[in-house]
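Below is one structure; the comments refer to it alone.
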Amino acid sequence: MISVFGSKVGKEELDEIKTSIDNQWLGMGPKTKLFEDKFSSRLNLKGFTMLNSGSNSLYLALRLLDLPKDSEVIVPSFTWISCATTIVLNGCKPVFCDVDLETQNMSHDTVVPLITKKTKAIMVVHYAGKPVEMAGIKEFGLPILEDAAHAVDSKIDGKYCGSIGEIGIYSFDGIKNIAIGEAGGLTSNQEEIIEKAKKLRYCGIGKSGFEASAAKKRWWEYDVFDFFIKLLPDDIHASIGLAQLAKLDENQRVRKHIWEIYQRELSKLEWLYTPKDAEENEQHSYFTYFIRLKNNKRDELAQYLYDKNIYTTLRYQPLHLIPIYNSTHIRLKNSEILNETGLNIPIHPNLKDEEIEYIIDCIKKFGKKNNL
Ligand SMILES: Cc1ncc(COP(=O)(O)O)c(C=O)c1O
């Protein structure tokens with residue numbers, strides 16, 4: 001089966017892990033610090049706090065925004081569950097906005113009707129790595145939490161996604177552009193927020209006894225800054241991250257290559273829409289390739305490709321339609337259209353040219369078979 005998402009890992013990752021094993025240091029330590037520094041300088045950030053997942057980064061980011069209880073946070077419906085769940089877990093209310101059909105992104109226009117006195121923040125998601133038009137979102141004057149899980153190599157006007165709002169988060173799960181397994185992290189345009197994240201991530205105690213020993217007499221005692229859970233990264237994951245970071249340019253080149261072939265070949269088909277490219281002032285991350293059908297044959301296409309050993313998926317099932325959020329009564333037209341017509345097809349650095357050709361060929365054959 002050709003997978004829809006994937007990562008490319010190998011000797012470089014193993015070599016990095018080996019040095020941590022040789023040094024008998026598995027937990028958070030020098031590799032984590034090195035990854036944080038290198039990631040931060042690659043994206044020109046004010047700093048970076050590595051954490052153990054993108055979802056947990058969202059959880060901590062919302063905690064750091066310190067919003068009054070019951071605040072409303074606007075979030076696209078067409079996104080991953082943890083975006084809304086972490087809002088609920090921080091005592092606030094997710095208010096789902098629609099997205100633009102062509103970009104799958106929220107916009108100024110989709111947010112406007114939802115602003116109330118209770119709106120205290122906006123969570124932006126750069127879908128597939130196509131940057132959200134941030135100038136329009138900034139006009140609301142509210143704190144912005146940027147979910148750059150898909151957008152680690154995306155830029156607007158020369159600034160990396162994730163570094164534009166108050167807080168930005170990244171995911172490095174096993175299929176992301178930097179694929180570590182389970183990892184993530186956050187940045188901010190304020191250094192004190194990045195430092196506070198470092199203190200909170202270790203049960204709110206800031207430094208381990210070992211780290212604090214240089215400055216303290218009774219080094220086994222610790223200060224507790226705040227009540228918090230443990231979201232610590234570790235040096236094994238950071239080792240993989242270092243190797244992945246070194247490969248990012250090459251992996252992005254491969255993703256862009258696949259994207260361009262799909263754009264060229266699939267745009268010839270009258271019965272589907274290809275995704276939007278980056279604008280002139282933007283850079284895309286090509287995390288996922290999302291097509292939309294102009295007919296009601298999406299499920300049939302997915303099944304046809306599945307039977308040809310090509311795995312596809314839909315990211316995402318709109319959150320307002322999931323009963324737990326108590327929002328099934330609202331209508332978000334575009335998100336619902338995407339739910340019925342959208343399909344993510346394979347793109348990842350392990351995809352071979354002959355597989356890309358095969359996928360395109362199968363999609364074309366499906367069109368012919370159905371007289372589309
Ligand atoms: C848009 C978005 N936000 C957040 C996350 C959460 O990241 P993680 O899987 O590292 O928890 C994901 C994961 O797929 C995502 O796609």
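The first residue in the sequence is number 1, and the count goes up from there. As the structure lists them, so they are numbered: ligands from 1, and atoms in each ligand from 1.
Backbone and side-chain nitrogen or oxygen atoms of Thr79 are examined, and none is located within less than 3.5 angstrom of a nitrogen or oxygen of ligand 1. Where the criterion is an N or O separation shorter than 3.5 Å, residue side chain and backbone included, Gly54 meets it with respect to ligand 1. The shortest N/O to N/O separation between Glu182 and ligand 1 does not fall below 3.5 Å. For ligand 1, the polar-atom distance check finds an N/O of Lys176 within less than 3.5 Å of one of the ligand's N/O atoms. At a 3.5 angstrom cut-off on N or O pairs, Ser171 counts as close to ligand 1.
Arg253 and Glu250 are joined by a salt bridge, as a carboxylate oxygen and a charged side-chain nitrogen come within less than 4.0 angstrom of each other.
Between Phe78 and Phe290, the ring-plane angle classifies as perpendicular under the 30° and 60° cut-offs. Between Trp259 and Tyr289, the ring-plane angle classifies as perpendicular under the 30° and 60° cut-offs. Taking the six-membered ring where the residue is Trp, Phe39 and Phe48 present tilted rings, their angle falling between 30° and 60°. Using the six-membered ring where Trp is involved, Phe287 and His150 have ring planes that are tilted, between 30° and 60° apart.
At the top of the distance list for atom 4 (C) of ligand 1, counting protein heavy atoms only, stands Asp147 OD2, 3.4 Å. Regarding atom 9 (O) of ligand 1, its nearest protein heavy-atom neighbour is Asp173 OD2, 2.8 Å. Residue, atom and distance of the protein heavy atom nearest to atom 6 (C) of ligand 1 are Ser55 OG, 3.4 Å. For atom 12 (C) of ligand 1, the closest heavy atom belonging to the protein is Trp80 CD1, 3.6 Å.
Under a cutoff of 6.0 Å and an axis angle of 45°, Lys294 and Tyr273 form a cation-pi pair. Annotation: cation-pi geometry not satisfied between Lys138 and Phe140 (NZ/CZ under 6.0 angstrom from ring centroid, within 45° of ring axis).
Residue contacts with ligand 1 for Ala149 involve side-chain atoms from C-beta outward but no N, CA, C or O (heavy atoms, distance under 4.0 Å). Here His150 has side-chain heavy atoms under 4.0 Å from ligand 1, and that is the only part of it that gets that close.
No donor-acceptor pair closer than 3.5 Å links the side chain of Thr328 to the backbone N or O of Pro323.
Heavy-atom distances between Tyr316 and ligand 1 reach below 4.0 Å in at least one pair.
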